[in-house]
Student: 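Got a structure for you, written out below as structure tokens; questions coming shortly.
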Amino acid sequence: MPQDNLVLKNLQKQGLLTASKPHVIILFMIRIVIDGEEQQLDTKKMRIETLLRRFHINPETALALRQGELLTEDEDLLEGDVCIIMRTTAEK
Amino acid sequence: MKCKKCGNKAVIKLRAHRIALCREDFLSFVLNRVQQTIKRYKLFVAKERVVVAVSGGKDSLTLFDILQRLGYPVEGFHIDLGIDGFSNRAREAVEVFFAKREAPLHIRFLREEVGAGMREIASQVRRPLCSLCGLMRRYIMNRFAWEKRFSALATGHNLDDEGAALLGNLMRWQIGYLARQAPVLPAIYPRLAKKAKPLALLSEREVLAYCILRAIEYHDEQCPYAKGATSRSNKEALNLLEYYSPGSKIRFYQEFLKHQGIFPDSASHDLRECSMCGFLTNRETCQFCEILEQYTGSPVPVRDSETGKG
Ligand SMILES: [Zn+2]
Ligand SMILES: [Zn+2]
């Protein structure tokens with residue numbers, strides 16, 4: 001699973017997954033879908049504003065949804081959330 | 001964030017208007033904005049028969065939804081471009097949308113209008129396909145609106161579309177286009193239907209939010225023949241300016257409309273009737289008739305029986 005690999009890589013980078021610490025249990029994770037592609041953030045909490053900035057998305061061209069509900073950029077995503085970022089830049 | 005109108009939880013922040021709104025207040029904001037556009041720029045009045053060009057995308061379906069809610073007697077018009085798969089899915093989205101609302105829908109097939117679908121045309125022509133497709137769609141839409149005696153043809157162009165077109169016209173100093181780019185193009189010539197863009201003051205993001213909140217199921221797929229149109233980079237440039245200075249897009253467009261008179265409209269003087277179909281062109285034979293001759297060997301018959309006399 002490519003997503004799992006991504007998480008494992010991140011954990012390795014942070015030194016959380018090593019030979020001496022083989023049983024890391026992932027306690028927190030936020031899943032986001034941008035342009036139809038799923039990505040995972042191993043964080044407990046993140047503001048939509050911060051998320052958009054991290055992915056270089058202009059808030060004027062995007063909307064964030066959680067469970068089908070529109071969110072303003074001051075909302076926090078929490079662990080277990082699935083957030084879909086819809087972008088307006090598609091051609092007609 | 002709280003709704004500026006009622007204090008409930010906001011679902012969207014509109015930086016250009018310095019407000020955040022809840023679902024209900026945002027939906028009314030959108031309806032009011034469209035009604036204001038229709039009145040301010042005199043697009044049409046309540047009793048006029050309006051046909052909405054529906055591609056199946058979010059803008060055109062949203063436009064139809066809004067005009068219907070505002071009480072205008074609207075009908076839909078869809079052109080099936082004959083692009084395998086893509087066009088079928090677009091038409092299905094349109095048919096489902098209209099069936100749900102029990103609203104009148106008219107469908108024309110490009111294959112029947114010109115004797116070939118976009119796929120066949122794409123394999124034979126060298127000119128940019130999007131401009132050719134746009135030309136044929138505009139022609140067929142205008143002819144349909146005029147033949148069926150609709151008083152206006154409405155399209156789903158939003159503020160981002162209009163802003164990008166304006167920027168493009170300015171970058172190339174297309175004076176003739178600048179003189180005519182507007183939310184309404186009146187029917188000042190015979191066989192020319194009035195064109196209206198009721199979403200011209202709504203940003204693409206606002207249209208998308210409306211579409212999501214109303215759960216409109218639109219056709220969200222890029223045309224397989226669309227290749228990085230310049231309108232896309234113009235939109236991105238304007239949205240970057242909008243990010244640094246909220247309200248830039250709407251000011252850019254509305255201030256242009258205020259001062260548009262400075263651009264002389266010389267191109268309109270060259271317009272004449274096509275020798276084959278009778279519709280307006282700036283040449284002897286219109287480009288549509290040329291395409292038609294290429295694919296069917298016969299021009300469009302002049303339909304005098306449908307001139308709107310009775
Ligand atoms: Zn409210
Ligand atoms: Zn012609």
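In what follows, every heavy atom counts, from backbone to side chain, and hydrogens, waters and symmetry copies are set aside. Letters A, B, ... are given to chains in the order of the sequence lines, protein chains preceding strands, and every chain is numbered from 1.
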Student: Would you mind checking if B:Lys13 and A:Glu75 are paired as a salt bridge, meaning a charged N to carboxylate O distance below 4.0 Å?
Tutor: no
Student: Got a second to check how far A:Leu52's CG is from B:Tyr243's OH, nearest 0.5 Å?
Tutor: 9.0 Å
Student: Should the pair B:Arg15-A:Glu73 be classified as a salt bridge under the 4.0 Å nitrogen-to-oxygen rule?
Tutor: yes
Student: Quick check: are there more than 12 heavy atoms from other residues, nucleotides or ligands sitting under 6.0 Å from CD of B:Glu95?
Tutor: yes
Student: Contact between A:Leu71 and B:Ile12 at the side-chain level, heavy atoms closer than 4.5 Å - yes or no?
Tutor: no
Student: Does CZ in A:Arg31 sit with more than 12 non-hydrogen atoms of other residues, nucleotides or ligands closer than 6.0 Å?
Tutor: no
Student: Just do the side-chain contact (heavy atoms from CB on, under 4.5 Å) check on B:Leu208 and A:Met86 with the steps written out, would you?
Tutor: CA-CA 9 Å; B:Leu208 178 63; A:Met86 294 194 72; 4.0 Å; yes
Student: Give a yes or no on this: more than 12 heavy atoms of other residues, nucleotides or ligands lie within 6.0 Å of atom CZ of B:Arg69.
Tutor: yes
Student: Could you measure the distance from the CZ atom of B:Arg205 to the CG atom of A:Asn58? Nearest 0.5 Å is fine.
Tutor: 9.5 Å
Student: If every non-hydrogen atom of A:Asp74 is compared with every non-hydrogen atom of B:Met1, which pair is closest and at what distance?
Tutor: OD2-N, 2.9 Å
Student: Taking it one step at a time, do B:Val207 and A:Thr88 satisfy side-chain contact (heavy atoms from CB on, under 4.5 Å)?
Tutor: CA-CA 9 Å; B:Val207 174; A:Thr88 60; over 6 Å; no
Student: What part of A:Ala64 lies closer than 4.5 angstrom to a heavy atom of chain B: side chain, backbone, both or neither?
Tutor: neither
Student: For A:Thr72 and B:Ala10, work out which heavy atoms get closest and say how close.
Tutor: CG2-O, 3.8 Å
Student: Let me know if B:Ser60 has heavy atoms under 4.5 Å from chain A in its side chain, its backbone, both or neither.
Tutor: neither
Student: Examine whether an atom of B:Leu14 lies under 4.5 Å from a heavy atom of chain A, and if so say whether it belongs to the side chain, the backbone or both; otherwise answer neither.
Tutor: neither
Student: What part of B:Ile212 gets closer than 4.5 Å to chain A, counting heavy atoms only: side chain, backbone, both or neither?
Tutor: side chain
Student: Any chance CD of A:Glu37 has more than 12 other-residue heavy atoms, nucleotides or ligands included, within less than 6.0 Å?
Tutor: no
Student: A:Glu60 pairs by side-chain contact (heavy atoms from CB on, under 4.5 Å) with which of B:Leu238, B:Leu240, B:Leu241, B:Asn239?
Tutor: B:Asn239
Student: Is it true that atom OH of B:Tyr177 has more than 12 heavy atoms of other residues, nucleotides or ligands lying nearer than 6.0 Å?
Tutor: no
Student: Counting only non-hydrogen atoms closer than 4.5 Å, does B:Glu236 touch chain A with its backbone (N, CA, C, O), its side chain (CB onward), both, or neither?
Tutor: side chain
Student: I'd like to check B:Leu213 versus A:Leu70 (side-chain heavy atoms, cut-off strictly below 4.5 Å). Are they in contact?
Tutor: yes
Student: What part of B:Phe26 gets within 4.5 angstrom of chain A, counting heavy atoms only: side chain, backbone, both, or neither?
Tutor: neither
Student: Crowded around B:Lys5 NZ? As in, over 12 foreign heavy atoms under 6.0 Å?
Tutor: no
